[in-house]
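Small disclaimer: the values here were computed from a predicted structure and weren't measured. Atoms within each ligand, like the ligands themselves, are counted from 1 in listed order.
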Amino acid sequence: MPIFVALLVWIMAGALAIPFFTRTWWLPEAISEHARQVDAQFMLTLAVTGVIFILAQAGLGYVVWRYGRRRPEPAASFHGNNTMEMVWTSATGVLFIGLTIMGTQVWGRVHFQGPPPGAIQIEMTGQQFVWNARYSGPDGKFGKLDITQINDQSNPVGVDSKDPAGKDDITAPTMAVLVNRPVEVILRSKDVTHSFSVRELRLKQDAVPGMITRLHFTAEKAGSYEIACMELCGLGHYKMRSFLEVLEPAEYEKWLKERSQQPAAQ
Ligand SMILES: [Cu+2]
């Protein structure tokens, strides 16, 4: 009988490990340097914890098989071993604190360091349940905002019509960026906390009402990628999505031009 329990343990552990080896349901393609660094960190953590998992399950099955038989004498009791407790507690502590420190560096490069010089600034405003991207237009300056001028149809973020810098601002429900060009996203929210995320960039940042949060990225592969709201923000949260269009220069200019015909502030 113990051999069947041991086999069950081994088969379950193997079945759980197989999708990781075959990369079934794997991460979408990484399209930035940051995304590749996140993946490298993820793979390191997965390898370390995966080896420990397999060894632990193999050992568990072995102990069940070897000592699981019914014996006439009473079971030996084990009263703890301070040396072993110290060793495995500190080994686990060193391992996880080490992985955390390494991971924090990757995370901090996006969240604590500014964007590289020449980054294009795009403001992204979340609201229940859409995103609005704003571009500063040819003058390179964002116009002031005035909440009293918000109009969901013609001026969703409330660009102040009295500010000349806002005349050429462009707003759009999707975000376009240039391929291989750094972008700084300035995140805002009109109502509740939302979260901007693009899986292919391995980025996620909350948009908090009353606060400006920033993140930056350089997308290296042209294409269309989903921007999903990652914060449960209300009943329509499930449909709060937009798209990040990573475009070649000519297409990018065309994209901006098409949208500049409907300026944000009339
Ligand atoms: Cu949301």
Side-chain angles (χ1 to χ4, degrees), residues 25-32 34-35 38-39 42 103 106-112 114-115 119-136 142-160 166 169-177 182-219 221 223-247 255-256 259 262 264-265:
W25 307 303
W26 205 244
L27 308 166
E29 184 183 11
I31 59 160
S32 70
H34 169 76
V38 170
D39 284 8
F42 174 83
V106 174
W107 186 85
R109 261 176 239 138
V110 165
H111 295 273
F112 291 150
I120 297 174
Q121 287 192 320
I122 303 170
E123 187 190 81
M124 192 65 159
T125 305
Q127 73 179 75
Q128 290 171 321
F129 299 94
V130 290
W131 291 102
N132 273 296
R134 179 162 72 121
Y135 294 77
S136 57
F142 286 105
K144 286 199 198 73
L145 296 174
D146 172 10
I147 53 166
T148 63
Q149 296 183 44
I150 288 176
N151 177 317
D152 277 339
Q153 272 73 46
S154 60
N155 190 2
V157 293
V159 179
D160 186 350
D169 285 10
I170 297 163
T171 52
T174 55
M175 178 188 268
V177 300
V183 171
E184 182 180 32
V185 182
I186 302 162
L187 283 169
R188 302 171 62 249
S189 169
K190 265 163 73 172
D191 38 41
V192 299
T193 303
H194 300 279
S195 189
F196 173 90
S197 77
V198 179
R199 296 174 310 160
E200 289 80 358
L201 295 170
R202 312 285 191 267
L203 280 180
K204 177 178 176 292
Q205 173 65 54
D206 281 4
V208 184
M211 261 181 90
I212 299 284
T213 44
R214 291 164 190 269
L215 79 165
H216 56 88
F217 62 84
T218 306
K221 192 175 175 208
S224 184
Y225 308 97
E226 186 182 16
I227 298 171
C229 178
M230 280 277 188
E231 187 70 52
L232 185 56
C233 57
L235 282 177
H237 165 69
Y238 70 95
K239 62 175 179 186
M240 184 167 170
R241 73 202 290 236
S242 177
F243 285 91
L244 172 74
E245 312 287 350
V246 180
L247 303 173
W255 189 93
L256 282 177
R259 277 146 191 90
Q262 304 110 33

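- The side-chain heavy atoms of E200 and E226, taken from C-beta on, include no pair separated by under 4.5 Å.
- With the Cu ion (ligand 1) as vertex, C229 SG and C233 SG subtend 120°, rounded to 10°.
- At a threshold of 4.5 Å between non-hydrogen side-chain atoms, the residues V246 and L244 count as touching.
- With contacts defined as side-chain heavy-atom distances shorter than 4.5 Å, the pair T193/P209 qualifies.
- Between F196 and L215 the shortest side-chain heavy-atom distance falls below 4.5 Å.
- Within H194, the N, O or S atom at minimum distance from the Cu ion (ligand 1) carries the name ND1.
- Put simply, M230 stays out of reach of the Cu ion (ligand 1), with no N, O or S atom under 2.8 Å from it.
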